[in-house]
Amino acid sequence: MKIEKAVIPVAGLGTRLLPATKSQPKEMLPVGRKPAVQYVVEEIINSNISQILFVTGRKKTSIENHFDPDPDLIKKLKESGKFSLLKDLEYEKDVSSFYYIRQSVQAGLADAIRLAKNFVGKEPFIVALGDSMIRSSDNNNLLKRMIDAHLKTKSACTIAVEEIPKNDVYKYGIVEVKDKTTGNVSEVKDLIEKPEIGKAKSNLAVAARYVFDPVIFDLIDRTIPDDGGELQITDSIRLMIKRDYKVHCVKLADGEKRYDIGNFESYFKAFIDFALLDDKYGYLLRQYLIQKMHKGELQHD
Ligand code: UTP
């Protein structure tokens, strides 16, 4: 069995990034040279998945424009010999097909995923959050490892998880794993959204990438909305576990890091890390920061 489809939910309101997101999607905010969501698409294409559905919403048309090939721009870049810029537009190539569906009311991530039901059909599929990037320092490919694990363990759901500092558990969905672990793959016993420090069963945080069997759509239908009226995917996955479906998690490898741009602290940190590693300007930026440090401008207040 092959996994050929991916879903990128990008319909959220991004209220934590106001006013930057008043009239533009947070997923289009630049992180270094590219909009955040372009890294997500490139990650998916690199794992040989070519059919991508965006779950979009109001004020999100710039995402469609970004992934729509622009022959005039390509012609101009070719004529002026700007081949390095052309390389950054490779995601537009014919090998990938982009589809769009609208979530008209932002009723939560599980509701957004539910809209992919007809697109997905009967095969397992990937969900990659449009505001979260996975950066790898070598040739690791998280999605490929997740797909392998999903098919090998015959799971109904496979979740990416990242080891985080124990004091940060209250910010994330945290998995509790069963004893059985093979390499970096473990069976999930439970999933708790933002546990108190000291009460968390692990320091493994859900990391914005999932593989689902289509059975997830039945479980989303049975999920009860939270106090804010939103359908949370964590609740649908918990329901899955309760009904004895197998759920596994795959740990990010050494050198892999998850970045999300959902709030200003994480967005600024992501921008700094990506900019510092930029091929052309990273060196200059590092020098700039070193100078600031020597002048005492990076001290704590
Ligand atoms: P968040 O949980 O960060 O929610 O979404 P949000 O609405 O975008 O942001 P805030 O809380 O208002 O600041 C995580 C991912 O899920 C998508 C978002 O676009 C983002 O990529 N999402 C979230 C949807 O597609 N639909 C929803 O109803 C909620």
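For ligands, and for the atoms within them, numbers begin at 1 and follow the listed sequence.
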Are the charged groups of [X] and [Y] less than 4.0 angstrom apart, N to O?
{"X": "R145", "Y": "E256", "value": "yes"}
{"X": "E176", "Y": "K189", "value": "yes"}
{"X": "E27", "Y": "K60", "value": "yes"}
{"X": "D111", "Y": "R114", "value": "yes"}

Next on the checklist: Filter on salt bridge (charged side-chain N to carboxylate O under 4.0 Å, His left out), then keep only pairs touching residues 268-288, sequence neighbours left out; what's left?
Outcome noted: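 Found R33-D278, E265-K269.
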Item to check | Between Y259 and Y39, ring centroids under 6.0 Å | outcome: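 That pair fails the under 6.0 Å test.
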Checklist entry - ligand 1: which residues have a non-hydrogen atom closer than 4.0 Å? => result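 Within 4.0 Å of ligand 1, protein side: P9, V10, A11, G12, L13, G14, T15, R16, K26, E27, Q103, Q106, A107, G108, L109, A112, G130, D131.
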